[in-house]
Amino acid sequence: MKIVMLGAPGAGKGTQARMISEEFGIPQISTGDIFRANIRNQTELGKKAKSYMDQGLLVPDELTLDLVVDRLAKDDCAKGYILDGFPRTIPQAEALTRALCEQNSKIDYAIDVEVPDENIVQRMSGRRACPVCGATYHIHFNPPVQEGICDECGAQLIQREDDKAETVQKRLDVYHAQTQPLIAYYKEQGCMYSVDGTRTMEDVFNDIHKILK
Ligand code: AP5
Ligand code: MG
Ligand code: ZN
């Protein structure tokens, strides 16, 4: 089962991808998480990606594509995967379709988590993330048991650099210009599904579960 999560920044792609991953036993592959790990480890890729991410811009396709293709070739992807934050541009989607086509494969489900821009800024300002295991929390909607500490691994939670209100607005603009056209792209491929992402995390997950069954 190969799944692409679509949706604006902060729509809940990562939250839902993690729940799908646990339920179906397939890996969640988040390009944002991979870039952030590279920034933490101060790799060459991390240094290049950081300047774009801090401005709310997309990392160039040439830095993104090989990374994903390499990741999808790993053993744990044999039964499928959930792509979270990739593809994000039409050229990325076309490259993915081509790479899969070479293996006689394709994306089975593209799922758009729909949340209007008005709700996004509030979600982002309350988000806290675990820099070690990638778990995501929200100070009101999904707080950790102990304030500031990851339930899963005990690490200190952080606020993401790009979650400042000005940067969030830029990310929304970039989303509408470059990523939203993917909805039409996957509609044409016949695998496009939408869920109302404004409801509780559990309700959104139930809707996704119905689609995947
Ligand atoms: P990325 O990390 O992918 O960020 P994003 O798309 O902006 O999305 P987010 O991770 O911010 O949000 P999400 O939809 O995962 O929401 P979450 O579940 O956390 O990318 C970051 C940057 O990396 C990009 O700007 C770009 O520079 C670069 N990049 C990454 N991939 C790239 C690519 N392919 N090409 C080029 N550049 C790339 O939820 C948000 C908050 O809301 C959380 O606090 C959560 O707890 C809460 N929440 C979730 N669901 C609900 C709900 N139903 N009700 C209430 N609260 C909820
Ligand atoms: Mg995310
Ligand atoms: Zn953690």
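Note that ligands are numbered from 1 as they come in the structure, with each ligand's atoms numbered from 1 the same way.
- No N or O atom of D163 sits closer than 3.5 Å to an N or O atom of ligand 1.
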Sequence neighbours excluded and cut-off under 3.5 Å, please list the side-chain donor-acceptor pairs for residues 121-132, or say none.
{"from": "R123", "atom 1": "NH1", "to": "G10", "atom 2": "O", "distance (Å)": "3.4"}
{"from": "R123", "atom 1": "NH1", "to": "A11", "atom 2": "O", "distance (Å)": "3.0"}
{"from": "R123", "atom 1": "NH2", "to": "G197", "atom 2": "O", "distance (Å)": "2.8"}
{"from": "S125", "atom 1": "OG", "to": "V121", "atom 2": "O", "distance (Å)": "3.4"}
{"from": "S125", "atom 1": "OG", "to": "Q122", "atom 2": "O", "distance (Å)": "3.0"}
{"from": "R127", "atom 1": "NE", "to": "D163", "atom 2": "OD2", "distance (Å)": "2.9"}
{"from": "R127", "atom 1": "NH2", "to": "D163", "atom 2": "OD1", "distance (Å)": "2.9"}
{"from": "R127", "atom 1": "NH2", "to": "D163", "atom 2": "OD2", "distance (Å)": "3.1"}
{"from": "R128", "atom 1": "NH1", "to": "S125", "atom 2": "O", "distance (Å)": "3.4"}

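- Looking at every heavy atom in both residues, I26 comes nearest to M1 through CD1-O, 3.7 Å.
- The backbone N or O of I39 sits nowhere less than 3.5 Å from a side-chain atom of T43 that would complete a donor-acceptor pair.
- The two residues T198 and P116 come nearest to each other via the heavy atoms CG2-CD, 3.5 Å.
- Distances below 4.0 Å separate heavy atoms of Q92 from the following atoms of ligand 1: 33 (C), 34 (N), 35 (N), 36 (C).
- Residue M53 approaches ligand 1 through these ligand atoms, each under 4.0 Å from one of its heavy atoms: 22 (C), 23 (O), 27 (O), 28 (C).
- By the criterion of a heavy-atom distance under 4.0 Å, the backbone of Y137, and not its side chain, is placed next to ligand 1.
- Looking only at heavy atoms of the protein, atom 4 (O) of ligand 1 is closest to R160 NH2, 3.3 Å.
- Counting heavy atoms only, R88 comes closest to atom 20 (O) of ligand 1 of the residues R171, Q178, K170, R88.
- A side chain to side chain contact (heavy atoms under 4.5 Å, CB included) with L63 holds for exactly one of D61, D66, V59; it is V59.
- In summary, the atoms of ligand 1 found under 4.0 Å from a heavy atom of M124, numbered by their order in the structure, are 11 (O).
- Every N/O-N/O distance between F35 and ligand 1 stays at or above 3.5 Å.
- Between the SG atom of C130 and the SG atom of C150, the angle centred on the Zn ion (ligand 3) amounts to 110° when rounded to 10°.
- At a heavy-atom distance under 4.0 Å, only backbone atoms of R199 (N, CA, C or O) approach ligand 1.
- Linking Ile, Leu, Val, Met, Phe, Trp and Tyr residues whenever their side-chain heavy atoms come within less than 4.5 Å leaves V69 and L100 in two separate clusters.
- Residue K13 has at least one heavy-atom neighbour below 4.0 Å for each of these atoms of ligand 1: 5 (P), 6 (O), 8 (O), 12 (O), 13 (P), 14 (O), 15 (O), 16 (O), 18 (O).
- A salt bridge does not link K74 with D76: none of the charged nitrogens is closer than 4.0 Å to a carboxylate oxygen.
- Remark: minimum distance from atom 19 (O) of ligand 1 to any protein heavy atom is reached at R127 NH1, 2.6 Å.
- Heavy atoms only, all atoms of each residue included: G154 and I149 are closest at O-CG2, 3.6 Å.
- Of the N and O atoms on the side chains of D173 and Q169, at least one donor lies less than 3.5 Å from an acceptor on the other residue.
- Nearest heavy atom pair, residue M53 against residue F35, reads SD-CB, 3.5 Å.
- Numbered from 1 in the order shown, with element, the atoms of ligand 1 that lie under 4.0 Å from a heavy atom of R36 read 2 (O), 21 (C).
- For atom 43 (C) of ligand 1, the nearest protein heavy atom (residue, atom name, distance) is T136 CG2, 3.6 Å.
- Listed by number with element, the atoms of ligand 1 under 4.0 angstrom from any heavy atom of G14 are 13 (P), 15 (O), 18 (O).
- Contact between M5 and ligand 1 is absent, with no heavy atom of the residue lying under 4.0 Å from the ligand.
- Close approach to F141 involves these atoms of ligand 1, each under 4.0 Å from a residue heavy atom: 55 (C), 56 (N).
- When non-hydrogen atoms are compared, ligand 1 lies under 4.0 Å from the backbone of L57 (N, CA, C, O) but not from its side chain.
- Of the protein's heavy atoms, T15 OG1, 2.5 Å lies nearest to atom 18 (O) of ligand 1.
- The N/O atoms of T31, backbone and side chain alike, include one that comes under 3.5 Å of an N/O atom in ligand 1.
- Residue contact annotation: P87 has no non-hydrogen atom under 4.0 Å from ligand 1.
- Shortest contact from atom 36 (C) of ligand 1 to any protein heavy atom: V59 O, 3.2 Å.
- Neither the backbone nor the side chain of V174 has a heavy atom within less than 4.0 Å of ligand 1.
- Regarding atom 54 (N) of ligand 1, its nearest protein heavy-atom neighbour is R123 NH2, 3.5 Å.
- Under 4.0 angstrom from ligand 1, the non-hydrogen atoms of L58 come from both its backbone and its side chain.
- Across all non-hydrogen atoms, the minimal contact from D108 to Y193 is O-CE1, 4.4 Å.
- The nearest pair of heavy atoms linking P9 to Y175 is CD-CB, 3.7 Å.
- Each of the following atoms of ligand 1 lies closer than 4.0 Å to a heavy atom of F86: 34 (N).
- Residues Y81 and F24 do not share a hydrophobic cluster, defined by chaining ILVMFWY side chains whose heavy atoms lie under 4.5 Å apart.
- With a heavy-atom cut-off of 4.0 Å, A8 touches ligand 1 through its backbone alone.
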